[in-house]
Visitor: 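One structure, as structure tokens, below. Some questions next.
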Number of protein chains: 2
Amino acid sequence: MTDRTNDAGTASPIRVLLADDENLIRDAVASLLDLEDDIAVIGQAASGTEAVAVARRLSPDVAVLDLQMPGLDGIEAAQQILAEVPRCACVIVTSHGRPGYLKKALEAGVRGFLPKTVSAKVLADVLRQVVAGGRYVDPELAAEAISAGASPLTAREADVLELAADGAPVEEIASRASLSPGTVRNYLSAAATKLGAANRHEAVRTARARGWI
Amino acid sequence: MTDRTNDAGTASPIRVLLADDENLIRDAVASLLDLEDDIAVIGQAASGTEAVAVARRLSPDVAVLDLQMPGLDGIEAAQQILAEVPRCACVIVTSHGRPGYLKKALEAGVRGFLPKTVSAKVLADVLRQVVAGGRYVDPELAAEAISAGASPLTAREADVLELAADGAPVEEIASRASLSPGTVRNYLSAAATKLGAANRHEAVRTARARGWI
DNA sequence: CCGCTCCCATGACATTCGTCATCGCCCTTC
DNA sequence: GAAGGGCGATGACGAATGTCATGGGAGCGG
């Protein structure tokens with residue numbers, strides 16, 4: 001449309017893939033990003049699996065992935081995209097800024113992580129930053145993640161607590177984890193103690209809040 | 001239904017208030033709606049309380065409210081807006097299409113209810129419909145709500161089940177409901193039986209899913 | 001008035017859960 | 001190689017929970 005290139009930009013615009021299961025949001029963000037001279041939305045997807053397929057086909061500069069999507073979630077999609085299209089930077093956007101996701105996302109190689117509470121201008125800036133090789137994490141989310149610190153739970157304790165998250169009885173957790181019921185109760189008890197919780201449900205809540213499961 | 005030829009400039013446009021705590025989404029949807037000739041976003045809000053205040057000040061034709069917002073949620077905001085600005089139609093948009101919310105929203109006098117998975121075009125059409133006095137409910141959500149049917153729980157059972165939702169022990173539920181612990185256990189047991197659940201947690205989940213608490 | 005349902009309560013019982021002590025096994029670290 | 005920690009298990013005991021029977025009082029439609 002224009003030959004007025006941005007100061008930092010090259011002649012070719014940033015090629016963006018947008019993935020979000022909410023059409024309203026996706027359409028809207030797409031049209032907003034397209035308003036930027038140096039950004040072009042070249043593909044859209046309504047699910048994680050679709051996002052991976054489109055990324056493979058179009059090889060975009062950056063993929064903007066919603067965290068919660070049917071099928072593959074944003075982080076899983078990012079992993080697959082990075083495996084197949086390494087030069088594509090991945091940015092996660094999310095409504096629920098839970099710190100645990102941030103950690104997993106960073107481990108998956110995601111280059112940007114920000115809540116949907118940011119303005120469109122910030123998103124555009126972040127895209128420019130990550131395609132230039134940089135990283136961006138929302139300061140507030142980062143602070144939360146840091147203040148939450150490392151999990152005091154062992155790997156198994158976290159596993160079992162996660163299985164207990166939906167209120168399943170001990171027996172079911174035991175069979176699903178291939179453990180003895182007694183062992184499950186021990187882990188649950190240990191986890192609750194470490195988390196200062198009165199029962200397993202409270203433990204699940206605090207562990208969730210801190211991003212430990 | 002009528003041949004609504006949106007003859008742009010001549011007729012006065014639909015004046016829209018947009019409320020969503022996610023700036024990215026709100027900005028994006030606003031710019032998208034503004035693309036329509038006969039729609040003008042005249043105000044925005046990032047919370048339910050703010051939405052009420054802005055509605056009182058601007059008296060818009062229609063308020064588009066996100067369901068989940070800090071402070072007042074979309075339905076509560078709609079109630080207050082309708083109380084203060086009766087001529088303003090309220091439309092709820094939401095990510096999580098749980099049937100219970102639909103029922104509450106309709107009871108609150110909301111004129112439109114749709115998930116964010118719809119396209120922007122649909123949203124614009126819905127806005128035109130509701131300002132013309134009509135109603136619109138997403139067909140899928142409506143079907144879910146109908147298939148869920150009426151709650152088999154008595155009022156007290158639902159109360160108690162709701163208090164049990166966060167995994168609180170019986171004693172706490174009892175004191176919060178001003179009931180005997182034994183009574184609480186009876187209600188919980190009755191509710192679980194009616195819902196075909198093995199324990200209170202499963203009961204909470206199914207009741208939630210059906211919109212009964 | 002009678003039957004019905006909901007409300008609230010009590011008591012009894014079996015089951016599940018939370019907690020503790022203790023054990024063996026496999027790692028890693030010092 | 002000894003110490004420590006995570007992992008998996010068992011047994012035991014008190015507390016919490018799920019289930020049932022039973023009771024009385026309030027309200028409502030036939």
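Chain A is the first sequence line, chain B the second, and so forth, proteins listed ahead of strands; every chain is numbered from 1. Owing to the predicted nature of the structure, the values given are computational and were not obtained by experimental measurement.
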Visitor: In residues 153-162 of chain B, which residues come under 4.0 Å of DNA chain C by heavy atom?
Guide: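 Listed by number, they are B:T154, B:A155, B:R156.
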
Visitor: Got a sec, which pairs hit salt bridge (charged side-chain N to carboxylate O under 4.0 Å, His left out) with one end in residues 195-213 of chain A, sequence neighbours left out?
Guide: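 Qualifying pairs, neighbours excluded: none.
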
Visitor: Which pairs pass salt bridge (charged side-chain N to carboxylate O under 4.0 Å, His left out) with one or both residues in residues 58-67 of chain B, sequence neighbours excluded?
Guide: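 Found B:D61-B:R87, B:D66-B:K116.
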
Visitor: In the 5'-to-3' direction, what one-character label does each nucleotide of nucleotides 13-30 of chain C receive under the scheme B = base within less than 4.0 Å of a protein heavy atom, S = sugar-phosphate only, - = no such atom?
Guide: ----BBBBB---------

Visitor: Take the C1' atoms of the five end pairs on each side of the helix from C:dC1-D:dG30 to C:dC30-D:dG1, get both axes, and report the angle to 10 degrees.
Guide: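 End-to-end axis angle: 30°.
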
Visitor: Restricting to pairs with a member in residues 156-168 of chain B, which pass salt bridge (charged side-chain N to carboxylate O under 4.0 Å, His left out), not counting sequence neighbours?
Guide: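 Checked against salt bridge (charged side-chain N to carboxylate O under 4.0 Å, His left out) - neighbours excluded - the pairs reaching residues 156-168 of chain B are B:R156-B:D159, B:E157-B:K194, B:D166-B:R176.
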
Visitor: Using the test side-chain hydrogen bond (donor to acceptor under 3.5 Å, both in side chains), find all partners of A:D27 that sit at least two apart in sequence or belong to another chain.
Guide: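 Listed in chain order: nothing, the list is empty.
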
Visitor: In whole Å, what is the span from the OH atom of B:Y187 to the P atom of C:dT10?
Guide: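 Between P of C:dT10 and OH of B:Y187: 13 Å.
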
Visitor: Can you list the residues that meet the side-chain hydrogen bond (donor to acceptor under 3.5 Å, both in side chains) rule with B:T206, with sequence neighbours excluded?
Guide: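 With neighbours one apart ignored, the set is empty.
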
Visitor: Tell me: NZ of A:K194 to C1' of D:dG5, nearest whole Å?
Guide: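 Interatomic distance, NZ of A:K194 to C1' of D:dG5: 10 Å.
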
Visitor: Quick one: which residue pairs count as a ring-ring contact (aromatic ring centres under 6.0 Å, His included) with a foot in residues 193-213 of chain A, not counting sequence neighbours?
Guide: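 Matches after skipping sequence neighbours: A:H201-B:H201.
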
Visitor: By the ring-ring contact (aromatic ring centres under 6.0 Å, His included) test, which pairs, at least two apart or in different chains, include something from residues 106-156 of chain B?
Guide: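 As it turns out, there is no ring-ring contact (aromatic ring centres under 6.0 Å, His included) pair with a partner in residues 106-156 of chain B once direct neighbours are skipped.
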
Visitor: If you look at every heavy atom in B:I213 and B:A158, which pair is closest and at what distance?
Guide: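 Looking at all heavy atoms of both residues, the closest pair is CG2-O, 3.9 Å.
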
Visitor: My understanding is that only residues two or more places apart in sequence, or in another chain, count here; which of them pass side-chain hydrogen bond (donor to acceptor under 3.5 Å, both in side chains) with A:E22?
Guide: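 With sequence neighbours excluded, A:E22 shows a side-chain hydrogen bond (donor to acceptor under 3.5 Å, both in side chains) to B:S95, given in chain and number order.
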
Visitor: Residues in side-chain hydrogen bond (donor to acceptor under 3.5 Å, both in side chains) with B:E84, at least two apart?
Guide: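 So B:E84 forms a side-chain hydrogen bond (donor to acceptor under 3.5 Å, both in side chains) with B:R56.
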
